[in-house]
Amino acid sequence: MRNNTIDGFRLIAAFFVVCLHAGIPGQGAILAPFFRMAVPFFFLISGFYLYDVNRERMNEKIVKSMKRIISIWFQATVIYAIVSYLCFPEDWLEQARLFLSMKFWLLNIAPFNSVLWYLLAYLYTLIIIYGLNKLLDFSKISKISFLLMIIPGLIVNYCIGEFRTFIFKDTVEWVYQLNFVTMGFPIVMLELACGKYKQSLPRISGIKFVMGLFVFYLIALGQWYVIKHITHEGVSTSLFFASTLPMVFLTLLYSLSNPNMFNDSISKLGRLYSLDIYVYHIMFLWPVYLLGLSYPSVAWLKNAIVIFILTTGFAILKQVVKLKIKQRHELG
């Protein structure tokens, strides 16, 4: 049975991703902790719906998800290759060479649009989980075994993300955070565990949810302030993982307690279009950005709300065309 609250939060998460890239005033330190919830949320929910007590059914789900992700990634790469050539022809060949680089194969930095790292990270994660389920059968492993697979990746993420300034002499390139080993795999595994033990997960009320978000939000700002002033360097607002992951987990607990917070229309938008909004919003951000450079009077178009509306319209149109093609194929 679908959870309308989870699907509604998917739409909000998609909007937060747009906010990260389109930019809004105050994002730097005030709103970034909320925006940074988006990607862990997508990973978390994906893992939650993957778990099945029947190993064969679960592997069928994984294979189906892999096929879907490959299809979306291929379509998006072709579209972005065209848009990239039209918008930034001088960088096109350099982007194309990423297919032959380790950043593509190991760090998920996809050609033409690095936002597609998420799809590759999730795909690699699914491949690993499929193999582990064949070998171990997740329905039979213990909570300790789940922790042993989850914790190392999160620790590595903290070391090269939150605390990299203290551990490494040189700045560690941000792409090392965004890969299946340190982010995708441990978070999806965490939600597989939640899917397995969901009956024993605590339920929280709206008040506890809001209070919990506020507490971790303050921790995130405190973390940002301390690191910035100790190191005397500009600190990326992406250094909130230790706070945003608990915030995302609270969102899941609240969703399980209140499965019908959003109406059917909003939950449907989140269920059907949130991933496409995540994947394709940059396609609208680039032209709007270039238009603003040429015509400063329309530079205001480069904001999260405009980009979100444009991308949502594209996602709906894409879905309509897909259904029309499917219907014609079935008739034909």
Side-chain angles (χ1 to χ4, degrees), residues 7-24 27 35-43 45-46 65-89 91-92 95-96 98-99 104 108-124 126 175 178 183-184 265-292 298 300-326:
D7 289 334
F9 278 130
R10 283 181 193 235
L11 190 64
I12 294 174
F15 177 68
F16 283 174
V17 172
V18 177
C19 289
L20 280 173
H21 299 121
I24 63 173
Q27 166 181 332
F35 297 161
R36 294 287 169 182
M37 292 173 60
V39 176
F41 182 80
F42 275 109
F43 275 126
I45 298 308
S46 298
S65 294
M66 285 193 288
K67 290 179 179 178
R68 178 170 176 258
I69 292 299
I70 291 172
S71 175
I72 293 173
W73 182 86
F74 178 78
Q75 293 171 29
T77 299
V78 171
I79 290 173
Y80 273 112
I82 297 171
V83 176
S84 177
Y85 180 76
L86 295 174
C87 294
F88 309 105
D91 297 329
W92 198 89
Q95 286 292 312
L98 279 174
F99 279 116
F104 171 67
N108 323 319
I109 303 306
F112 310 115
N113 183 10
S114 60
V115 170
L116 300 182
W117 75 267
Y118 168 79
L119 295 176
L120 291 172
Y122 186 41
L123 176 62
Y124 298 157
L126 289 173
V175 295
L178 305 179
M183 182 174 285
S265 298
I266 294 177
S267 63
K268 183 179 179 180
L269 284 172
R271 182 172 66 255
L272 295 179
Y273 308 119
S274 59
L275 184 56
D276 277 338
I277 294 169
Y278 183 155
V279 168
Y280 289 108
H281 69 280
I282 299 294
M283 183 176 70
F284 295 93
L285 184 59
W286 287 344
V288 168
Y289 168 74
L290 293 175
L291 186 65
V298 298
W300 62 270
L301 289 172
K302 183 183 174 293
N303 70 76
I305 295 176
V306 171
I307 301 300
F308 179 78
I309 292 172
L310 290 173
T311 314
T312 303
F314 171 80
I316 294 172
L317 179 63
K318 178 174 174 281
Q319 183 73 11
V320 170
V321 172
K322 182 180 177 181
L323 290 175
K324 293 289 185 182
I325 293 173
K326 183 179 178 180

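What's counted below: heavy atoms across the whole structure, side chains too, no hydrogens, waters or symmetry copies. Here the structure is a predicted model, which means the values were calculated and not measured.
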**Asked** Is any side-chain heavy atom of L116 closer than 4.5 Å to a side-chain heavy atom of V279?
**Response** yes
**Asked** Does the K302 side chain pair with the main chain of A22, one donor and one acceptor, at a distance under 3.5 Å?
**Response** yes
**Item:** From CG (L317) to OH (Y273), nearest 0.5 Å
**Value:** 10.0 Å
**Message:** M283 vs F314, test: side-chain contact (heavy atoms from CB on, under 4.5 Å). Steps then yes/no.
**Reply:** CA-CA 10 Å; M283 183 176 70; F314 171 80; 3.7 Å; yes
**Item:** Flag side-chain contact, heavy atom, 4.5 Å: F88 against L290
**Value:** yes
**Prompt:** How far does CG of L269 sit from CZ of R271, to the nearest 0.5 angstrom?
**Reply:** 9.5 Å
**Message:** Just so I know, are the side chains of R36 and L20 near enough to count as touching, which here means a heavy-atom distance under 4.5 Å?
**Reply:** yes
**Message:** To check you understand the geometry: which heavy-atom pair defines the closest contact between P111 and F104, and what is its length?
**Reply:** CD-CD1, 3.7 Å
**Complete:** Heavy-atom closest pair (H281 atom, H21 atom, distance to 0.1 Å) is NE2-ND1, 2.9 Å
**Prompt:** What heavy-atom pair brings V17 and F42 nearest, and what distance separates the two atoms?
**Reply:** CG2-CE1, 4.3 Å
**Message:** Counting neighbours of CD1 on I305 that are heavy atoms of other residues, nucleotides or ligands and sit closer than 6.0 Å, is the number greater than 12?
**Reply:** no
**Request:** Indicate yes or no: at least one non-hydrogen side-chain atom of L86 is less than 4.5 angstrom from one of V83.
**Result:** no
**Message:** Once you measure the plane-to-plane angle for F41 and F9, does it fall in the parallel (<30°), tilted (30-60°) or perpendicular (>60°) bin?
**Reply:** perpendicular
**Asked** Looking at the rings of F43 and Y118, which for Trp means the six-membered one, are their centres under 6.0 Å apart?
**Response** yes
**Message:** Just verifying a value: how many Å separate I70 CD1 and L120 CG, rounded to the nearest 0.5 Å?
**Reply:** 10.0 Å
**Request:** Please tell me if the side chains of V39 and Y278 come closer than 4.5 Å, counting only heavy atoms from C-beta onward.
**Result:** yes
**Request:** Mind listing the closest non-hydrogen atom pair of A13 and A38 along with its distance?
**Result:** O-CB, 3.3 Å
**Spacing of L119 atom CG and Y124 atom OH [to the nearest 0.5 Å]** = 11.0 Å
**Message:** Could you go through T312 and L11, starting from their C-alpha distance and side-chain angles, then the distance that decides it, and tell me whether this counts as side-chain contact (heavy atoms from CB on, under 4.5 Å)?
**Reply:** CA-CA 10 Å; T312 303; L11 190 64; 5.5 Å; no
**Asked** Got more than 12 heavy atoms from elsewhere within 6.0 Å of CZ, F99?
**Response** yes
**Message:** Within this structure, what is the CD1-CD1 distance for the pair I309 and I277, rounded to the nearest 0.5 Å?
**Reply:** 11.0 Å
**Asked** Is any side-chain heavy atom of S84 closer than 4.5 Å to a side-chain heavy atom of W286?
**Response** yes
**Asked** Should we say atom NZ of K268 is surrounded by more than 12 heavy atoms from elsewhere, each under 6.0 Å from it?
**Response** no
**Candidate pair D276 and T311, rule side-chain contact (heavy atoms from CB on, under 4.5 Å), full reasoning** = CA-CA 8 Å; D276 277 338; T311 314; over 6 Å; no
**Message:** Does the plane of the ring in F112 sit parallel, tilted or perpendicular to the ring in W92? Use 30° and 60° as the thresholds.
**Reply:** tilted
**Item:** Non-hydrogen atoms of I109 and S114 that approach each other most closely
**Value:** CG2-CB, 4.2 Å
**Prompt:** When rounded to the nearest 0.5 angstrom, what distance separates CD1 in I282 from CD1 in I79?
**Reply:** 14.0 Å
**Request:** Kindly give the heavy-atom pair with the smallest separation between Y280 and I72, and that separation in Å.
**Result:** OH-O, 4.3 Å
**Message:** Measuring centre to centre across the rings, with the benzene-like ring taken for any Trp, is Y122 within less than 6.0 Å of W73?
**Reply:** no
**Prompt:** Could you go step by step and tell me if R68 and L275 meet the side-chain contact (heavy atoms from CB on, under 4.5 Å) rule?
**Reply:** CA-CA 11 Å; R68 178 170 176 258; L275 184 56; 3.8 Å; yes
